[in-house]
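Notes for the one structure printed next.
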Number of protein chains: 2
Amino acid sequence: MAAVSGRWTTLVLRELMQAEISFGALRERLPDISPKVLADRLHLLRERGLVTQERLPGFPVRTRYALTESGRLLRPLLIELYRTGEMLGERGA
Amino acid sequence: MAAVSGRWTTLVLRELMQAEISFGALRERLPDISPKVLADRLHLLRERGLVTQERLPGFPVRTRYALTESGRLLRPLLIELYRTGEMLGERGA
DNA sequence: CGGTATCCACGACGATACTG
DNA sequence: CAGTATCGTCGTGGATACCG
């Protein structure tokens, strides 16, 4: 639960499941997340060893976030989470 | 996430997965949960249509909580949750 | 037995402004 | 571009005491 709880966390992970992505690109994909909360999530995921950050050389700075091997272990859980959510959603629960 | 988030929620659900159970029996199985929080959880799960309450006749009052059909839909998710937790735990994430 | 009532502490989230 | 700083608000969880 610790790995996936918190608002936005599963959505951030879902984006990372699809491809490596920059901070700004994440914000574009998740327009309503504030920079602070996104940074919070990424820090947390990095602390837990689920995500890595790479700083690309050059100016302006660019970054690239990617899942670690541990992070990729979450894929079946996320799928089950969305699947279960849809099943309950259809019923009204 | 709404169905399983919150401290104690998955543990309460796990107990209910095994059998119908009373309020007091739940407290025995989860010794560190306060009555308020347990009541909160059960109310929430009932509101979401995942759990039912039955009041048994007689005195003192006895109750029996059980999963609904919707509640039972959570079983695969819980299994995946515990499975993933163990996988990450082994690694230190 | 099976809860409620009350109160408090803490952390999560969000808005906004700012920086290297 | 990629964040950090600051601040305020609100919900969650917990302790404790009490009630039908």
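Each chain gets a letter, A, B and so on, in the order its sequence line appears, and its residues count up from 1.
- Not one side-chain nitrogen or oxygen of A:Gln53 sits closer than 4.0 Å to the OP1 or OP2 atom of D:dA2.
- D:dA15 atom C1' lies 16 Å from atom CG of B:Leu38, rounded to whole Å.
- Note that CD of B:Glu28 is 12.0 Å distant from CZ of B:Phe23, once rounded to the nearest 0.5 Å.
- Atom CZ of residue A:Arg75 and atom CG of residue A:Leu16 lie 11.0 Å apart, to the nearest 0.5 angstrom.
- With values rounded to the nearest 0.5 angstrom, B:Leu30 atom CG is found 6.0 Å from B:Leu11 atom CG.
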Spell out protein contact along nucleotides 4-20 of chain C as letters: B when the base is contacted, S when just the sugar-phosphate is, - when no protein heavy atom is under 4.0 Å; keep the 5' to 3' order.
-> BBB------BBB-----
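- With a 4.5 Å cut-off on side-chain heavy atoms, B:Arg64 and B:Ile21 do not count as touching.
- The side-chain heavy atoms of B:Arg46 and B:Thr52, taken from C-beta on, include no pair separated by under 4.5 Å.
- Remark: B:Arg83 engages B:Glu80 in a salt bridge, criterion side-chain N to carboxylate O under 4.0 Å.
- Side-chain contact between B:Leu88 and A:Ser70 is present, with heavy atoms from C-beta onward closer than 4.5 Å.
- Protein atom CG of B:Leu44 is 11 Å distant from nucleotide atom C1' of D:dT12, rounded to whole Å.
- For DNA chain D, none of the residues of residues 10-19 of chain B falls under the heavy-atom distance limit of 4.0 Å.
- Atom CG of B:Leu56 and atom P of C:dG3 are 11 Å apart (whole Å).
- Protein atom CG of B:Leu42 is 16 Å distant from nucleotide atom C1' of D:dT12, rounded to whole Å.
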Any chance you could encode DNA chain D as dot-bracket? Rule is Watson-Crick or G-U wobble with both distances under 3.5 Å; [ ] for pairs crossing earlier ones, | for another strand.
-> ||||||||||||||||||||
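- The interatomic distance linking A:Met1 (CE) with D:dG13 (C1') rounds to 15 Å, in whole Å.
- For A:Arg41 and A:Thr9, the side-chain atoms include at least one donor-acceptor pair closer than 3.5 Å.
- Here the side chains of B:Glu15 and B:Tyr65 are not in contact, with every heavy-atom distance at 4.5 Å or above.
- Rounding to the nearest 0.5 Å gives a distance of 8.0 Å between CD of A:Gln53 and NE2 of A:His43.
- Regarding A:Arg29, its CZ atom lies at a distance of 15 Å from the P atom of D:dA2, rounded to whole Å.
- A 4.5 Å side-chain heavy-atom check between B:Thr63 and B:Leu56 finds every atom pair outside the cut-off.
- Per the geometry, CZ belonging to B:Arg27 stands 12 Å off C1' belonging to D:dT16, to the nearest Å.
- Look at CG on A:Leu30: it is 16 Å from C1' on D:dG3, rounded to the nearest Å.
- Residue B:Ser22 places none of its side-chain N or O atoms closer than 4.0 Å to OP1 or OP2 of C:dC1.
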